[in-house]
Amino acid sequence: MAERLPLLRLQPEVVLDIGCAWGEGLRLLRTQYGRAQIVGVEPSHQLGSVARGAHAPQRWLRALRGQGATTVIAAPLEAGANAQTRLPAAQMLWSNLALPWAEDLDALIAAWQGALLPDGVLMFTTFGPDTLRELRQPEVQRLGIAPPVYPDMHDLGDMLLHHGFAEPVMDMEMLHLRYPSPQAALTELAELGRPAHQAITAGLRTPRKWRALCDVLARQAQLAGAAEIELSFELVYGHAFKPATRPAQAGVASFSVEQLRATGRRR
């Protein structure tokens with residue numbers, strides 16, 4: 001996603017990183033936009049503290065580097081959807097793999113739309129429905145294991161349009177990660193945590209189930225003639241703009257206050 005930033009002519013003054021986790025996105029955004037104000041939003045106080053310590057230098061150090069301010073705030077992913085979690089209006093909203101953690105996808109996209117200024121740009125990544133397809137096989141499901149369900153990228157594009165975004169572009173790539181053993185693959189999944197989704201189960205409750213799942217993954221690799229365990233991740237990229245005006249409905253067009261002020265200045 002960072003490789004696409006130089007393709008944009010936009011030079012934002014304020015950038016929001018929604019779900020900044022431990023702050024790698026903050027670092028990438030600072031590299032591209034040295035003088036911008038960058039605000040990380042992270043629901044986890046622990047992760048936010050790590051990001052703040054690593055990527056939010058003290059004021060004197062920022063001045064020495066000629067950088068804009070980097071701040072990290074603890075707030076829900078849907079921050080900005082209500083008055084209690086108001087965010088600064090931004091020209092860019094960046095969100096890397098935070099969308100799968102949203103309990104209400106509709107509310108999250110509405111909050112993104114509200115946080116962006118007119119002509120602002122949205123960039124995000126998420127997982128697609130083919131993610132962890134190895135764990136969606138019948139022999140795995142018989143163990144009572146259900147990976148989370150991820151939305152199709154076309155449905156996400158429709159949601160963006162519904163919430164007033166323009167020119168949504170959705171694309172994807174499949175990543176195939178290989179591990180030396182079933183235990184190594186499952187350990188990495190455990191370290192990633194799990195999305196808050198109704199479809200997910202409480203977890204592997206017994207060592208017997210853990211061993212049974214490891215055996216299933218080992219058999220899958222054996223049948224494929226592979227020496228390693230493979231897990232698939234469908235990585236979806238989303239990109240859209242917030243238009244300065246919304247399409248007319250019932251003969252009425254909407255204009256933002258910012259656009260009207262800009263028109264007055266030009267006159």
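All values below come from the heavy atoms of this structure, side chains included, with hydrogens, waters and symmetry mates left out. Keep in mind that what you see is a predicted model, and the values were worked out from it rather than measured. One is the number of the first residue; the rest follow in order along the sequence.
With sequence neighbours excluded, the residues satisfying side-chain contact (heavy atoms from CB on, under 4.5 Å) with Gln183 are Ser181, Trp210, Cys214. Scanning for side-chain contact (heavy atoms from CB on, under 4.5 Å) contacts around Thr187 gives Glu191, with sequence neighbours left out. For Tyr179, there are no ring-ring contact (aromatic ring centres under 6.0 Å, His included) partners, not counting sequence neighbours. Residues satisfying the ring-ring contact (aromatic ring centres under 6.0 Å, His included) criterion with Trp94, sequence neighbours excluded, are absent altogether.
In this structure, Val14 shares a hydrophobic cluster with no other residue, the cluster being traced through Ile, Leu, Val, Met, Phe, Trp and Tyr side chains under 4.5 angstrom apart.
Within 6.0 Å of CD in Glu24 there are more than 12 heavy atoms belonging to other residues, nucleotides or ligands. Atom CD of Glu173 has more than 12 heavy atoms from other residues, nucleotides or ligands within 6.0 Å. When the shell of 6.0 Å around NE2 of His176 is examined, it contains more than 12 heavy atoms from other residues, nucleotides or ligands.
For Lys209 and Asp215, the salt-bridge test fails: no basic side-chain N is under 4.0 Å from an acidic carboxylate O.
With values rounded to the nearest 0.5 angstrom, Leu156 atom CG is found 6.0 Å from Leu105 atom CG.
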* Residue pair His239, Asp171: steps toward the side chain to side chain donor-acceptor pair (under 3.5 Å) verdict -> CA-CA 9 Å; His239 175 252; Asp171 59 274; over 6 Å; no
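Under the salt bridge (Lys or Arg N to Asp or Glu O under 4.0 Å) criterion, the residue pairs touching residues 220-240 are Arg178-Glu230, with sequence neighbours excluded.
Between the side chain of Thr131 and the main chain of Gly128, a donor-acceptor pair closer than 3.5 Å is present.
Checked against a 6.0 Å centroid threshold, the rings of Trp112 and Phe165 do not count as neighbours.
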